[in-house]
Trainee: 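Next up is a structure, given as structure tokens.
Chain letters run A, B, ... following the sequence lines, proteins first and then strands; every chain starts at 1.
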There are 2 protein chains.
Amino acid sequence: MKIEQNTSEQNILAAARKVFVLKGFDGARMQEIADEAGINKALLHYYFRNKEKLFEAIFQPAFRKLFANINELVESDKPLLEKISLFIDNYIDVLSQNPDLPGFIAHEINRNPDRIYSLLFDGSFSPAKLIIQFSEEIAKGNIRPIAPQHLMVNLIAVCIFPFIARPMLSKIIFQGDQLMLDQFMQERKQEIKQFVIHAITK
Amino acid sequence: MKIEQNTSEQNILAAARKVFVLKGFDGARMQEIADEAGINKALLHYYFRNKEKLFEAIFQPAFRKLFANINELVESDKPLLEKISLFIDNYIDVLSQNPDLPGFIAHEINRNPDRIYSLLFDGSFSPAKLIIQFSEEIAKGNIRPIAPQHLMVNLIAVCIFPFIARPMLSKIIFQGDQLMLDQFMQERKQEIKQFVIHAITK
DNA sequence: GTCTATATTGTGATAGAC
DNA sequence: GTCTATCACAATATAGAC
């Protein structure tokens, strides 16, 4: 049984993840990461050689894991409505644990697509199966005719967008009231399910 | 009648806007802006003193204009369904002209909220009237009971999210096929309207 | 492994000629 | 107004002692 140790390497990884997600690759400072990890700047280079490699060391496994979870669900053989419900639950849960992640990923992909794509995809992930399932249910007349890609994008949008726009929502809709925003985020699982179900049933 | 001139100042503003939106404030380089504008780096400082002020000079009027348009529509006295339809048309049109703007704004707000808030809000903008209108229609039984804030956020989400996530959608859903993505974006106005109407009517 | 000190390069900003 | 040259400092990265 291995005892959990706060090794320098682990401290660095945790600190770097925090700073990168908060500031973005360009805004992140090696000095700040070192301070956050409680070690010296030189040690970052000892463990990870340079900023780029440190970035990859964190987000390669993180992204893969994120997409693997979603992928497993999408590829499963569950009925459509159950799958949608689980999809929403899964997304909201994961993002609630990592609320800054969507905005971070969105920005980094725009900023440097190649760097992120090489980390994100091992080629396995694709929502194709879910899109096909939409088509089948439409053909069977179980849901109203709707372009599957648009449904897919709308579903992802209502899940992810509130996290990306959280600071703006807080300001514009809730006048900075943190409690109201928290409660709003809690309610969303149920609200999204109702919204999507109504949108796709006849 | 004033003849349109490509003055250096105008060139700088256009170049800076392009580079800032593409790279973000942290990623933008004064040198790159100068090159893009076809002038020297020193001239940037001659006209705008520093990077921060250059940033503000561009985005203060741009943001104000963006929100003023939306605000005018939201505050108008049109019937709800017509207002939603126009809201979607307006958003998609503006964003189609500035596809990188949503991601840029989202990132800059997270990165440095104060800098952006002072540019974005003169205090006048608020979707309160639209939210109240939702409540009234629910009370009258014209649309199904739905938390107005969630409806508001869902409406904005399906409009804006595809722009923020465009590079990812292009890769994951359309396998990089630019033509299919373009067509998809064209269709969205109609698709979103159908989607939202179905989601809110009984 | 961890540190201090330093090298090296990048980047915003200024001085001053024209 | 526009340029070249340069400064000052910030940031990544390395050298070398312990």
Trainee: Quickly work out the A:Asn40 CG to D:dA17 P distance and round it to whole Å.
Mentor: 17 Å

Trainee: For B:Glu32 and C:dG10, what is the distance between atoms CD and P respectively, to the nearest whole Å?
Mentor: 15 Å

Trainee: Taking the side chain of A:Lys51 as its heavy atoms from C-beta onward, which of D:dC3, C:dC3, D:dT12 lies nearest to it?
Mentor: D:dT12

Trainee: Just how far, in rounded Å, is P of C:dT6 from NZ of A:Lys41?
Mentor: 13 Å

Trainee: Counting the atoms with a prime plus P, OP1 and OP2 as sugar-phosphate, which does B:Ala34 contact under 4.0 Å by heavy atoms, base, sugar-phosphate, or nothing?
Mentor: nothing

Trainee: Please determine if a side-chain N or O atom of B:His45 lies less than 4.0 Å away from the OP1 or OP2 oxygen of C:dA13.
Mentor: yes

Trainee: Please determine if A:Arg188 and A:Glu191 form a salt bridge, counting it only when a charged side-chain N lies under 4.0 Å from a carboxylate O.
Mentor: no

Trainee: Could you check whether B:Glu56 pairs with B:Lys53 (Lys NZ or Arg NE/NH1/NH2 to Asp/Glu carboxylate O, under 4.0 Å)?
Mentor: no

Trainee: For a quick check under 3.5 Å, do A:Gln186 and A:Asp182 share a side-chain donor-acceptor pair by atom type?
Mentor: no

Trainee: Can you tell me how far P of C:dG1 sits from CD1 of A:Ile12, to the nearest Å?
Mentor: 11 Å

Trainee: What's the closest nucleotide to the B:Tyr46 side chain, out of D:dT2, D:dT4, C:dT4?
Mentor: D:dT2

Trainee: Between atom CZ in B:Phe55 and atom P in C:dT11, what is the gap in whole Å?
Mentor: 18 Å

Trainee: Are A:Val196 and A:Asn154 close enough that some pair of their side-chain heavy atoms sits under 4.5 Å apart?
Mentor: no

Trainee: Measure NZ/A:Lys23 against P/D:dA11 and give the value in whole Å, please.
Mentor: 10 Å

Trainee: On DNA chain D, check which nucleotide each of B:Ile39 and A:Glu52 is closest to and give me the residue with the more 5' one.
Mentor: B:Ile39

Trainee: Calculate the interatomic distance between B:Gln31 atom CD and C:dA13 atom P; express it in whole Å.
Mentor: 14 Å

Trainee: Is any side-chain N or O of A:Arg29 closer than 4.0 Å to OP1 or OP2 of D:dT12?
Mentor: yes

Trainee: Measure the distance from CG on A:Leu43 to P on D:dA13 and round it to the nearest whole Å.
Mentor: 15 Å

Trainee: Nearest to the side chain of B:Tyr47 - D:dT2, D:dT12, D:dC3?
Mentor: D:dT2

Trainee: Under 4.0 angstrom, heavy atoms only, what part of the nucleic acid is A:Asn50 near: base, sugar-phosphate, or nothing?
Mentor: sugar-phosphate

Trainee: Taking the six-membered ring for Trp, are A:Phe20 and A:Phe104 ring centroids under 6.0 Å apart?
Mentor: no

